[in-house]
Amino acid sequence: MLEDDFSWVIRKAFKGLAIAPGEAALRAGLPENEVLAFSRGKFSADTARRLAPVLGLNPDALANHNLYLPKPLASPNIHRLDLPFNGERVNAWLVDFGPLRFLFDTGNDAHSCLDAISALDADLPNFVFITHGHRDHVGGIPSLEALDIAVLGPEMTSPKKFSAREAWDLGDGFTLQGIDLSGHYVPSVGILLREAGHPPLLVTGDALFAGSIGGFETPELYQLALRNLRAALAPLPDETILLPGHGPATTLGEERVSNPFL
């Protein structure tokens, strides 16, 4: 399932633009009760197409959002750790890349991430990267550090700080680069992995979900989130694999067609 259905997409756009449903309805030439019903889960493709331009969303993507689900990711080198989070779910990603194994984010509590790795019968990671500081992504840090695994992230102190625009060259065509994805949380860093001859891989944290984006506190942070996300994605090819903090993996090509915010 997607992390956000169409009603969450609409509500995030309302909040990001500081626009009430009644005002959006007036601008779209729609009855207010129809827009309210849409935002509460009553889907209408016609309402979606008429409302999307008012909210700066992709009309075709919004009109087909209730049918969207990205193709399943099939890669033996990428493991999704689907972890508990206060009755919901959060992702950590275990990725074999070049000569090393990386873990991206750590879940909400002390033990679920390590338990999931053990259930895979997988080796522990060489390094852990944190995308942002929300509890559901950093709760497992103490148990990993207790095993002397290096944890790096944008709010760590040197030498464990890893922020936007930092890069590692792992040799043999393998590189790892930080990208500024602040907005949902400040600071947030996406991690872009490149291997010669293979599609790029971008760990997005909560900056982007399949079919949606992460939440935000203010309209200013909404605009920051969109600017950073669009700047990060613009130079990447459609085959780029995207690993979000919640919900299924996706590809940039699928998101360019099916994510209303893009």
Side-chain angles (χ1 to χ4, degrees), residues 1-4 69-156 160 162 168 170 174 176 178 181 184-185 188-193 195 198-215 240-251 254:
M1 295 178 60
L2 298 181
E3 174 66 12
D4 288 349
L69 192 64
K71 296 176 183 177
L73 174 66
S75 172
N77 297 327
I78 301 172
H79 304 280
R80 178 187 180 190
L81 308 184
D82 182 19
L83 306 175
F85 164 45
N86 297 341
E88 301 180 15
R89 311 299 294 180
V90 63
N91 295 334
W93 295 95
L94 191 64
V95 179
D96 295 321
F97 186 70
L100 299 173
R101 168 166 282 180
F102 296 99
L103 177 69
F104 300 98
D105 291 335
T106 69
N108 186 63
D109 60 72
H111 302 294
S112 62
C113 187
L114 281 176
D115 289 346
I117 294 173
S118 178
L120 286 172
D121 196 23
D123 292 336
L124 292 172
N126 302 100
F127 294 93
V128 178
F129 286 87
I130 301 299
T131 61
H132 66 291
H134 279 148
R135 170 69 190 185
D136 54 323
H137 295 264
V138 302
I141 288 177
S143 60
L144 290 156
E145 288 185 326
L147 297 173
D148 292 324
I149 300 171
V151 180
L152 302 95
E155 294 184 287
M156 302 291 185
K160 295 183 178 181
F162 186 88
W168 290 10
L170 305 178
F174 292 91
L176 182 150
L181 291 180
H184 168 77
Y185 183 96
S188 291
V189 62
I191 300 98
L192 179 66
L193 297 90
E195 177 186 359
H198 291 81
L201 176 69
L202 177 61
V203 182
T204 65
D206 287 357
L208 177 136
F209 306 143
S212 189
I213 61 173
T240 302
I241 297 168
L242 305 176
L243 304 182
H246 301 266
T250 182
T251 63
E254 289 175 296

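Because the structure is predicted, anything quoted here is derived from the model rather than measured.
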Problem - pair Tyr185-Asp206: side-chain heavy atoms closer than 4.5 Å - result: no

Exercise for the section: Using a 4.5 Å cut-off on heavy atoms from C-beta on, say whether the side chain of Trp93 contacts that of Arg80. Expected result: yes

Completion exercise
d(Leu114 CG, Ile149 CD1) to nearest 0.5 Å is 6.5 Å

Problem - Main-chain N/O of Thr131 paired with Asp105 side-chain donor or acceptor, under 3.5 Å - result: yes

Practice task
Mind checking the CG-CG spacing from Leu242 to Leu202? Nearest 0.5 Å is all I need.
Solution key: 5.5 Å

Fill in the blank from the handout: For Phe209 and Pro244, the nearest pair of non-hydrogen atoms, with its separation, is CA-CB, 4.0 Å

Exercise for the section: Search all heavy atoms of Leu192 against all heavy atoms of Pro200 and return the closest pair with its distance. Expected result: CD1-CB, 4.0 Å

Handout entry: Test item: Pro125 and Ile117 side chains (from C-beta on) under 4.5 Å apart, heavy atoms
Key = yes

Exercise for the section: Please examine the side chains of Leu201 and Ile78, heavy atoms only from C-beta on, and report whether any two atoms are closer than 4.5 Å. Expected result: yes

Practice task
Ignoring hydrogens and angles, tell me if any N or O in the side chain of Arg101 forms a donor-acceptor pair with the backbone of Asn126 under 3.5 Å.
Solution key: no

Exercise for the section: Go through the steps to decide whether His134 and His184 satisfy the test side-chain contact (heavy atoms from CB on, under 4.5 Å), and finish with yes or no. Expected result: CA-CA 10 Å; His134 279 148; His184 168 77; 3.1 Å; yes

Fill in the blank from the handout: Rounding to 0.5 Å, atoms CG (Leu176) and CZ (Phe127) come to a distance of 10.0 Å

Exercise for the section: Any chance you could measure Thr240, atom OG1, to Leu193, atom CG, to the nearest 0.5 Å? Expected result: 11.5 Å

Completion exercise
Heavy atoms of Gly140 and Ser143 approach each other most closely as O-OG, 2.9 Å

Exercise for the section: State, with a plain yes or no, whether a side-chain heavy atom of Ile141 is found less than 4.5 Å away from one of Met156. Expected result: yes

Exercise for the section: Evaluate the side-chain contact (heavy atoms from CB on, under 4.5 Å) criterion for residues Phe97 and Leu170: first the C-alpha distance (whole Å), next the side-chain angles of each, then the deciding distance (0.1 Å), finally the verdict. Expected result: CA-CA 9 Å; Phe97 186 70; Leu170 305 178; 3.8 Å; yes

Fill in the blank from the handout: In terms of heavy-atom contacts, Ala249 and Pro70 come closest through O-CG, 3.4 Å

Problem - Side-chain heavy atoms of Leu83 within contact of Cys113, under 4.5 Å - result: yes

Practice task
Compute the centroid of each ring, for Phe129 and then for Trp168, and state whether the two points are separated by less than 6.0 Å.
Solution key: yes

Exercise for the section: Working to the nearest 0.5 Å, report the span between NZ of Lys71 and OG1 of Thr251. Expected result: 7.5 Å

Exercise for the section: Taking all non-hydrogen atoms of both residues into account, name the closest pair between Gly245 and Thr204 and its distance. Expected result: N-OG1, 4.4 Å

Exercise for the section: For residues Asn91 and Leu243, determine if any side-chain heavy atom of one lies less than 4.5 Å from a side-chain heavy atom of the other. Expected result: no

Handout entry: Closest contact, heavy atoms only, Leu103 versus Thr106
Key = CD2-CG2, 4.5 Å

Exercise for the section: State, yes or no, whether a side-chain contact exists between Met1 and Arg89 at a heavy-atom distance under 4.5 Å. Expected result: no

Problem - From Glu3 atom CD to Ser212 atom OG, the distance as rounded to the nearest 0.5 Å - result: 8.0 Å

